[in-house]
Participant: 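Sharing a structure with you now.
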Amino acid sequence: MRASSAHTKAGTLIEALPWLARFHGATVVIKYGGNAMTEESLKEGFAEDIVFLRYAGLRPVVVHGGGPQINEHLDRLGIESTFTAGLRVTTPEAMQVVRMVLVGQVNRDVVGLINRHGPFAVGMSGEDAHLFTAERKHALVDGEQVDIGQVGEIVKVDPSTVQTLVEHGRIPVVSSIARGEDGEIYNVNADTAAAALAVSLQAQKLVVLTDVEGLYANWPADTDVIDHLDADALAALMPTLSSGMVPKMEACLTAVQGGVPAAHVIDGRVPHSLLLEIFTNEGIGTMVTPNE
């Protein structure tokens, strides 16, 4: 029995070998969110996966949002939270809460979980060292531009601080806040931020953790997951996607069109989904690649 269990483990390790060789030294940007960010066992598993990647010779960079935590805090303070065209309307009052929660709470939690395993994670905001520079973004409603407050569109990325940390064996953990040239602070979509950073770092992979198995071929009629598609096929599908999937798949499209060899949307509710995607032959979720 013991020998058979050992053989299974050996088989798993051997299956990982070509992937370990292929991705040794590669930068991988991981967008962290959804249930993986709120369930205790999944949070711990995520931190273990990130540290495993680091010990396996990869260079992980984490970008996180924190929608549920922001909602909870706004509710507690009695600040109304509304959404227009899928984007949070961010008043100056709400922005203070967004910044406090993302930078002061969620970022600290993620850094703390990873650092249980060693002195690896360093927390950053997109404001730090001008990592993300953004401009005010407007929502499009019935063809009209609508002001939604301090919501930003990233227009510039300076990845030098992240690169320095990675080269010194650290794991940057980045919250999706950006500054404007005018000194204004903006809330930016974490999927979009992860894609912009992946392009800027010339990462080998962008991995987006979410709460679905991947991109469904014909939702809601069936739940067959598309395991692989190229940029053109994804661009053609974009108008048919549900509003929740749009920013995730747009992030994948941006990444592969910007030179990242592969982008993945995977189910963060599956324990160790990150390792299953990177180190097994089957992988899980949906992979997007540049056009052939």
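For reference, positions follow the sequence shown, starting with 1.
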Participant: What I'd like to find out is whether the side chain of Ile148 reaches to under 4.5 Å of the side chain of His138, using heavy atoms alone.
Facilitator: no
Participant: Rounded to the nearest 0.5 Å, what separation is found between the OG atom of Ser125 and the CG atom of Leu131?
Facilitator: 8.0 Å
Participant: Does Val208 belong to the same Ile/Leu/Val/Met/Phe/Trp/Tyr cluster as Met238, with side-chain heavy atoms less than 4.5 Å apart forming each link?
Facilitator: yes
Participant: Give a yes or no on this: more than 12 heavy atoms of other residues, nucleotides or ligands lie within 6.0 Å of atom CZ of Arg76.
Facilitator: yes
Participant: Does Ile50 reach the side chain of Leu113, with side-chain heavy atoms less than 4.5 Å apart?
Facilitator: no
Participant: Do Thr161 and Asp128 have side chains that get closer than 4.5 Å, going by heavy atoms?
Facilitator: no
Participant: Using the rule that Ile, Leu, Val, Met, Phe, Trp and Tyr join whenever any side-chain heavy atoms are under 4.5 Å apart, tell me whether Leu102 and Val157 fall into a single cluster.
Facilitator: no
Participant: Might you point out which heavy atoms bring Gly152 and Lys137 nearest each other, and give the distance in Å?
Facilitator: C-CB, 4.0 Å
Participant: Going through the checks in order, is the side chain to side chain contact (heavy atoms under 4.5 Å, CB included) test met by Met287 and Asp227?
Facilitator: CA-CA 6 Å; Met287 174 166 75; Asp227 57 1; over 6 Å; no
Participant: Which heavy atom of Ala121 sits nearest a heavy atom of Asn115, and at what distance?
Facilitator: N-OD1, 2.6 Å
Participant: In terms of side-chain geometry, is the basic nitrogen of Glu153 or Arg136 positioned less than 4.0 Å from the acidic oxygen of its partner?
Facilitator: no
Participant: Give a yes or no answer on whether the side chain of Asn107 reaches the backbone of Gly104 with a donor-acceptor pair at less than 3.5 Å.
Facilitator: no
Participant: Checking one residue: Val141. Which other hydrophobic residues are in its cluster under the side-chain 4.5 Å linking rule?
Facilitator: Val146
Participant: Are Val173 and Leu274 linked, directly or through other ILVMFWY residues, by side chains that come within less than 4.5 angstrom of each other?
Facilitator: yes
Participant: Please lay out, stage by stage, how Arg88 and Asn189 fare under the test side chain to side chain donor-acceptor pair (under 3.5 Å).
Facilitator: CA-CA 10 Å; Arg88 185 189 299 276; Asn189 179 285; over 6 Å; no
Participant: Could you tell me which non-hydrogen atom of Phe120 sits nearest to which non-hydrogen atom of His117, and how far apart they are?
Facilitator: CE1-O, 3.4 Å
Participant: Would you find a donor on one side and an acceptor on the other, under 3.5 Å apart, between the side chain of Thr254 and the backbone of Glu250?
Facilitator: yes
Participant: Measure the shortest side-chain to side-chain distance between Val106 and His64 over non-hydrogen atoms and say whether it is less than 4.5 angstrom.
Facilitator: yes
Participant: Quick check: does any side chain N or O of Asp147 sit under 3.5 Å from a backbone N or O of Gly149, one acting as donor and the other as acceptor?
Facilitator: yes
Participant: How many angstroms lie between atom CG of Leu206 and atom CG of Leu253, to the nearest 0.5 angstrom?
Facilitator: 11.5 Å
Participant: For the pair Ser273 (side chain) and Ile266 (backbone), establish whether a donor and an acceptor sit closer than 3.5 Å, ignoring hydrogens and angles.
Facilitator: no
Participant: With a 3.5 Å distance limit and no angle check, can you tell me whether Glu277 reaches the backbone of Ile284 through a side-chain donor-acceptor pair?
Facilitator: yes
Participant: If you count the non-hydrogen atoms of other residues, nucleotides and ligands that lie under 6.0 Å from CD in Gln96, is the total more than 12?
Facilitator: no
Participant: Once rounded to the nearest 0.5 Å, what's the spacing between atom CZ of Arg179 and atom NE2 of His130?
Facilitator: 3.5 Å
Participant: Indicate yes or no for a side-chain donor-acceptor contact from Asn187 to the backbone of Val151 under 3.5 Å, with no hydrogens or angles considered.
Facilitator: no
Participant: Do other residues, nucleotides or ligands put more than 12 heavy atoms under 6.0 Å from the CD atom of Glu135?
Facilitator: no
Participant: Going through the distances and angles, do Gln204 and Arg22 end up as a side chain to side chain contact (heavy atoms under 4.5 Å, CB included)?
Facilitator: CA-CA 10 Å; Gln204 282 294 107; Arg22 184 169 171 184; over 6 Å; no
Participant: For Gly244 and Pro247, work out which heavy atoms get closest and say how close.
Facilitator: O-CD, 3.7 Å
Participant: Assess the residue pair Glu39 and Arg269 against the criterion (salt bridge (Lys or Arg N to Asp or Glu O under 4.0 Å)); give the C-alpha distance rounded to whole Å, side-chain angles, the decisive distance to 0.1 Å, and a yes or no.
Facilitator: CA-CA 9 Å; Glu39 281 183 31; Arg269 300 167 302 178; over 6 Å; no
Participant: Which heavy atom of Pro159 sits nearest to which heavy atom of Leu197, and what is that distance?
Facilitator: CB-CD1, 4.3 Å
Participant: Roughly how far apart are Thr210 OG1 and Leu215 CG, rounded to 0.5 Å?
Facilitator: 11.0 Å
Participant: How long is the straight-line distance from OG1 of Thr90 back to CD of Gln150, given to the nearest 0.5 Å?
Facilitator: 7.5 Å
Participant: Are more than 12 heavy atoms, taken from residues, nucleotides or ligands other than Gln202, located less than 6.0 Å from that residue's CD atom?
Facilitator: no
Participant: Is the Phe279 ring parallel, tilted or perpendicular to the Phe52 ring (thresholds 30°, 60°)?
Facilitator: perpendicular
Participant: Determine whether a donor-acceptor pair (N or O, by modelled atom type, separation under 3.5 Å) exists between the side chain of Ser175 and the backbone of Ile177.
Facilitator: no
Participant: Given side chain to side chain contact (heavy atoms under 4.5 Å, CB included), test Met245 with Val212 step by step and report yes or no.
Facilitator: CA-CA 9 Å; Met245 278 309 269; Val212 292; 3.9 Å; yes
Participant: Hey, what do you get for CD1 (Ile278) to CH2 (Trp19), rounding to the nearest 0.5 Å?
Facilitator: 11.0 Å
Participant: Classify the side-chain pair Asp49/His272 by whether it contains a donor and acceptor separated by less than 3.5 Å.
Facilitator: yes
Participant: Decide yes or no on side chain to side chain donor-acceptor pair (under 3.5 Å) for His228 and Thr286, but give the supporting numbers first.
Facilitator: CA-CA 6 Å; His228 176 227; Thr286 298; over 6 Å; no
Participant: For Gly169, does its backbone N or O pair with a side-chain atom of Arg54 as donor and acceptor, under 3.5 Å?
Facilitator: yes
Participant: Could you check if a side-chain atom of Asp158 sits within less than 4.5 angstrom of a side-chain atom of Phe132, using non-hydrogen atoms only?
Facilitator: no
Participant: Salt bridge or not for Arg59 and Glu167, using N-O below 4.0 Å?
Facilitator: no
Participant: Just so I know, are the side chains of Leu241 and Met249 near enough to count as touching, which here means a heavy-atom distance under 4.5 Å?
Facilitator: yes
Participant: Kindly work out whether a path of hydrophobic side-chain contacts (I/L/V/M/F/W/Y, heavy atoms less than 4.5 Å apart) joins Val256 to Val29.
Facilitator: yes
Participant: Side chain of Thr192, backbone of Val188: donor and acceptor closer than 3.5 Å?
Facilitator: no
Participant: Which pair of non-hydrogen atoms, one from Cys252 and one from Val265, has the smallest distance, and what is that distance?
Facilitator: SG-CG2, 3.6 Å
Participant: Quick check against the 3.5 Å criterion: does Asp267 have a side-chain atom that pairs as donor or acceptor with the backbone of Asp211?
Facilitator: no
Participant: Apply salt bridge (Lys or Arg N to Asp or Glu O under 4.0 Å) to the pair Asp109 and Lys43, showing each step before the final yes or no.
Facilitator: CA-CA 10 Å; Asp109 288 349; Lys43 280 160 67 172; 5.0 Å; no
Participant: For a side chain to side chain contact (heavy atoms under 4.5 Å, CB included) check, start with the C-alpha distance between Phe83 and Val89, then their side-chain angles and the critical distance, and finish with the verdict.
Facilitator: CA-CA 6 Å; Phe83 286 81; Val89 178; over 6 Å; no
Participant: For the residue pair Glu181 and Thr133, establish whether any side-chain heavy-atom pair is separated by less than 4.5 Å.
Facilitator: yes
Participant: Do you see a donor-acceptor pair shorter than 3.5 Å between the side chains of His264 and Lys205?
Facilitator: yes
Participant: Quick check on Glu44: does its CD atom have over 12 non-hydrogen neighbours (other residues, nucleotides or ligands) under 6.0 Å away?
Facilitator: yes
Participant: For residues Leu276 and Leu42: do they belong to one hydrophobic cluster (side chain heavy atoms under 4.5 Å, members Ile, Leu, Val, Met, Phe, Trp, Tyr)?
Facilitator: no
